[in-house]
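Below is one structure, written out as structure tokens; comments come after it.
Keep in mind that this is a model prediction, so the values were computed, not measured. All values below come from the heavy atoms of this structure, side chains included, with hydrogens, waters and symmetry mates left out. Letters A, B, ... are given to chains in the order of the sequence lines, protein chains preceding strands, and every chain is numbered from 1.
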2 protein chains.
Amino acid sequence: MATAPRPRKRAASLASPAHTTTAPNGSAGPEPLDTRVLEGLVGYNARRAYLVISATFAERMAVYGMKPVDFSVLSLLEHNPGATSRQLCATLDILPPNFVNIVADMDRRGLIERRPHPHDRRALGLHLTPAGHQLVAQAEEAVIQLEQDASARLTERERDTLIRLLQKIYL
Amino acid sequence: MATAPRPRKRAASLASPAHTTTAPNGSAGPEPLDTRVLEGLVGYNARRAYLVISATFAERMAVYGMKPVDFSVLSLLEHNPGATSRQLCATLDILPPNFVNIVADMDRRGLIERRPHPHDRRALGLHLTPAGHQLVAQAEEAVIQLEQDASARLTERERDTLIRLLQKIYL
DNA sequence: TATTGTTATACTCTATAACTATA
DNA sequence: TATAGTTATAGAGTATAACAATA
């Protein structure tokens, strides 16, 4: 479940912008289509942007055996030691049945430990092991670099604005 | 394949922002976690924003029997009549084997027609039927309204900025 | 009665290999 | 030899129902 994903190709096969009639089509491939309607939609653009970052994530984070959800969980545990599966599922919008294998794999890899919860014997507090702490430190560094590269065409201020506006959509 | 998706629940179970120590936790649910690291990432925020819009899309567009990919295809055909599967796959980053059923379902529903391509007997030009044109007109109107509601907390200028910055990530 | 974690399961999405007809 | 469309299939992602232990 935490194996490295297959190499993603086709990362940037997007059509070019808004010239319908005069299409020089200098490069290879078929005639590009007029995508102006779709490119005016927040949902479409948010998805395209996420997919590009996701592809870069898969490439660079495979060496850590980490998919986006794994990074999210481990990073949350770094800053929220003892969090329960219930809390992590609520935070990341993951259904509990789909979270079981994620946690079990991390346990098998020796990255986390499940300890009895101090106040609730139904729950298990999740804690990073020393190996887990070490991996998260490397992974957070790699992700920060990855994010800088992905947003290299934005200024620091534009990147902050982008994040702020995205949060106005979903928060 | 073009059946209405199941009702999506859990649309907004996001944790609250950055106060780790003082968490009043006025509402129901477990203690929220500190998500500041994840909320500083473009990839995380782009995905969360897309998922919220996607959930609204599923709710409102089910009456048209339309998922996001279906809307993208039909809207592209509205503005690019005669486009081939190859062109649509390249534009939307869909693998050809996964596109076969999408087109076949639209054909079965009487929304599109596959006509011989004028210059290439291997290819098929895809054209909207009158019923397809009518459905796209309604769907585009609904999506525009959906987008306005999803970005209701953004000014018109902020929405344009958001789209422009997202395109600087993926274009 | 409600909640935590879990199993089993099904459906959707995404990916690869290989085929055919044509270029 | 390369490309457009297709078939079969495998893997990942996401969803529901139902259960045991505990609150």
remark   = Taking D:dA4, D:dT6, D:dA15 as options, the one with an atom nearest any side-chain atom of A:L95 is D:dA15
task = With sequence neighbours left out, write down each residue that passes side chain to side chain contact (heavy atoms under 4.5 Å, CB included) with A:E113, or none if nothing qualifies.
result = A:R115, A:T129
request  = Would you kindly give the CZ-to-P distance between A:F99 and C:dT6, to the nearest whole Å?
outcome  = 10 Å
query = For the pair made of CD in B:Q87 and C1' in D:dT3, what is the distance, rounded to whole Å?
reply = 13 Å
message = Check the phosphate of D:dA12 against A:K67, side-chain N and O only, distance under 4.0 Å to OP1 or OP2. Yes or no?
response = no
Interatomic distance where CZ belongs to B:R114 and C1' belongs to D:dA4 [whole Å] = 13 Å
ask   = Over how many whole Å does the gap from A:I102 atom CD1 to C:dT7 atom C1' extend?
value = 16 Å
ask   = Quick one: salt bridge (charged side-chain N to carboxylate O under 4.0 Å, His left out) pairs with a partner in residues 161-171 of chain B, sequence neighbours left out?
value = A:E158-B:R164, A:E158-B:K168
task = Nearest whole angstrom, please: distance from the P of D:dG13 to the CG of A:L92.
result = 14 Å
key: Sequence-distant partners of B:T84, side chain to side chain contact (heavy atoms under 4.5 Å, CB included), two or more places apart   = B:R86, B:Q87, B:H117, B:A123
inquiry  = Here's a test of your reading of the structure: between B:G125 and A:P97, which maps to the more 5' nucleotide of DNA chain D?
reply    = B:G125
inquiry  = Quick test of your reading: applying salt bridge (charged side-chain N to carboxylate O under 4.0 Å, His left out), list the pairs with at least one residue in residues 121-138 of chain B, sequence neighbours left out, ordered by first then second residue.
reply    = B:D120-B:R122
query = Between A:R47 and A:N98, who's closer to the 5' end of DNA chain C by nearest nucleotide?
reply = A:N98
ask   = What nucleotide among C:dT4, D:dG5, D:dT16 has an atom nearest to a side-chain atom of B:S85?
value = D:dG5
request  = Using whole Å, report how far CG of A:L124 lies from P of C:dT3.
outcome  = 18 Å
Listed pairs, N/O of protein and of nucleotides 20-23 of chain C, under 3.5 Å:
unit_1, atom_1, unit_2, atom_2, d
C:dA23, OP1, B:R121, N, 2.9
C:dA23, OP2, B:R121, NH2, 3.1

message = Check B:R108 with B:D105, please: is the shortest side-chain N to carboxylate O separation under 4.0 Å?
response = yes
ask   = Any luck finding a side-chain donor-acceptor pair between A:E39 and A:N45 under 3.5 Å?
value = no
request  = For the side chain of A:A123, starting at C-beta, report the closest nucleotide among D:dT6, C:dT4, C:dT6.
outcome  = C:dT4
task = Report the residues that fulfil side chain to side chain contact (heavy atoms under 4.5 Å, CB included) with A:Q148, sequence neighbours left out, ordered by chain and then residue number.
result = A:I144, A:Q145
note = To the nearest angstrom, the CG-P distance between A:L126 and C:dT4 comes to 13 Å
ask   = Quick one: A:I94 CD1 to C:dT4 P, roughly how many Å, whole number?
value = 16 Å
